[in-house]
Amino acid sequence: MDVLTENWSLYGKGFLGTVELTVYASILALVLGFVMASFRVAPVGSLRVIGTVWVAVLRNTPLTLLFFAVLLGLPRFGLVLPFQVFAVLALGCYTSAFICEALRSGINTVPTGQGEAARSLGMSFGQTLGNVVLPQAFRSVIPPVGSTLIALAKNSAIAGAFSVTELLGTYKTLNELGYSIIWTFVWIAVGYLIITLAISALFNVLEKRWGVAR
Amino acid sequence: MAVDPLIELRDVNKYFGTLHVLQDINLTVGRGEVVVVIGPSGSGKSTLCRTINRLETIESGYIAIDGKPLPEEGKGLAELRAEVGMVFQSFNLFAHKTVLANVSLAQLKVRRRKKDEADQRSRELLERVGLASQADKFPAQLSGGQQQRVAIARALAMDPKALLFDEPTSALDPEMINEVLEVMQQLAREGMTMVVVTHEMGFARSAANRVVFMSDGRVIEDRTPEDFFTHPESDRAKDFLSKILKH
């Protein structure tokens, strides 16, 4: 118990670091995932190829390898950014591939007739997707997107290995200070639980709120 | 017959894989004309209907609406589709929007009308199909016949030059078929250009200017309903009619 009260600010910083990573990477993942899902169902062949390659590369690369590629690779090409930004980029891009596939499966649950009706009225691809298909797909993708973002929150722990301040990384300092390793990790786990349960709660609310649409 | 052609198909061919579903189709629909397409299942009549607004692409041939060849995918195609309304067998009303919003949506997004203006027009059209009181319901709360009438109102909201009907009554209970056919009869009387794929022979007899009989991807007969129903020329049409008119 002492380990928490005596190191409140250390835990606090780590916790906030993880929250920041999760929030920024989630936003990036949702935006990119949305764009890539649109690409994957677009009538233009080259866009579909971009979407498919994006998903294939990012979904099939181990996240740690992706961190190495971004944090050590990009500076070689002259792109130097704070490590936290690099971590958000790596996490966000990686997760966007999963978001993309969740959205696409949601799009596939909407009967093709809905899109055909919209197109037959003269609506463009973007209008059809934005006004007819995605609002209906939205409801069925809430649970898988929630799971993906929870996975993102936990994956953010990898950033700690690249000297980004986050929750798991606090164990190194605490360990050196001689605290019990078990209690150190218990409180770290509680920190992650707070974040992941908050995400679950948020998505439960979304599901209830939008559940009435149909 | 067709002095002023609105829809023109010339030598249209389409394949699904190796299946040759449309074979050298030639069809002209004049302005104000009502053409009913009938034929056995799998004869390609629905596909024919869907090629006219390019919901199905074709492998070869030429399709023109009001003298303009059907554009490729993109803005031009969207503009053309706005001019050609379509009514589907499965209604395809937007499930997440109210009846009123269903009719107004494309007016707002495609015709760029103001919301009040669009809603007012929608209410007029709903009144016309006898559903003014249902404006605030969701499609799932309506019967099939009511949904199909909303779908007709939605298509009319774009002020189309022509309407395509792809088996509009095939998914309906028998007692709901008439309410939809009455709306279609009224449109036909008002001079709307219509291509109707249907199994309703009564409608074909009473409302059509021409009947097109299709079988195995070909147009077999293209005549007035009077002629077709009393003196079918081809064996295929005789066989078809004997089967459906027997009972």
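Per chain, numbering begins at 1; letters A, B, ... match sequence-line order.
- The shortest non-hydrogen separation linking B:K97 to A:N131 is CE-O, 3.8 Å.
- By the 6.0 Å contact criterion, NZ on B:K161 is enclosed, its count of non-hydrogen atoms from other residues, nucleotides or ligands being greater than 12.
- Contacts of B:A140 with chain A are absent, with no heavy-atom separation under 4.5 Å from either backbone or side chain.
- Heavy-atom pairs under 4.5 Å with chain A were tallied for B:R50, B:K75, B:K109, B:R54; the largest tally goes to B:K109.
- Around atom CD of B:E127, no more than 12 heavy atoms belonging to other residues, nucleotides or ligands sit under 6.0 Å away.
- Around the CD1 atom of A:I182, the shell of radius 6.0 Å holds no more than 12 heavy atoms that belong to other residues, nucleotides or ligands.
- No other option in B:S90, B:A106, B:A151 has as many heavy-atom pairs under 4.5 Å with chain A as B:A106.
- The choice from A:S124, A:A118, A:G122 that makes the most heavy-atom pairs within less than 4.5 Å of chain B is A:G122.
- Enclosure of atom OH in A:Y24 is not indicated, since only 12 or fewer non-hydrogen atoms of other residues, nucleotides or ligands lie within 6.0 angstrom.
- More than 12 heavy atoms of other residues, nucleotides or ligands sit less than 6.0 Å from atom OH of A:Y192.
- In this structure, no portion of B:V87 lies under 4.5 Å from any heavy atom of chain A.
- What you find for A:Q114 and B:L93 is that their closest heavy atoms are NE2-O, 2.7 Å.
- Residue B:Y62 places its OH atom among more than 12 non-hydrogen atoms of other residues, nucleotides or ligands, all under 6.0 Å distant.
- Closest approach of A:A117 and B:F88 over heavy atoms only: CA-CE1, 3.7 Å.
- No other option in B:L55, B:N53, B:L77 has as many heavy-atom pairs under 4.5 Å with chain A as B:L55.
- Heavy atoms of B:L105 lying under 4.5 Å from chain A belong exclusively to its side chain.
- Closest non-hydrogen pair, B:H96 versus A:V132, comes out as CE1-O, 3.6 Å.
- The 12-atom threshold is not exceeded at CZ of A:F34, counting heavy atoms of other residues, nucleotides or ligands nearer than 6.0 Å.
- Contacts of A:Q127 with chain B are made by side-chain atoms alone, with heavy-atom separations under 4.5 Å and no backbone atom involved.
- B:E190 CD: more than 12 foreign heavy atoms inside a 6.0 Å radius.
- Summarising the geometry of A:L121 relative to B:M158, their closest heavy-atom pair is O-CE, 3.3 Å, with the distance given to 0.1 Å.
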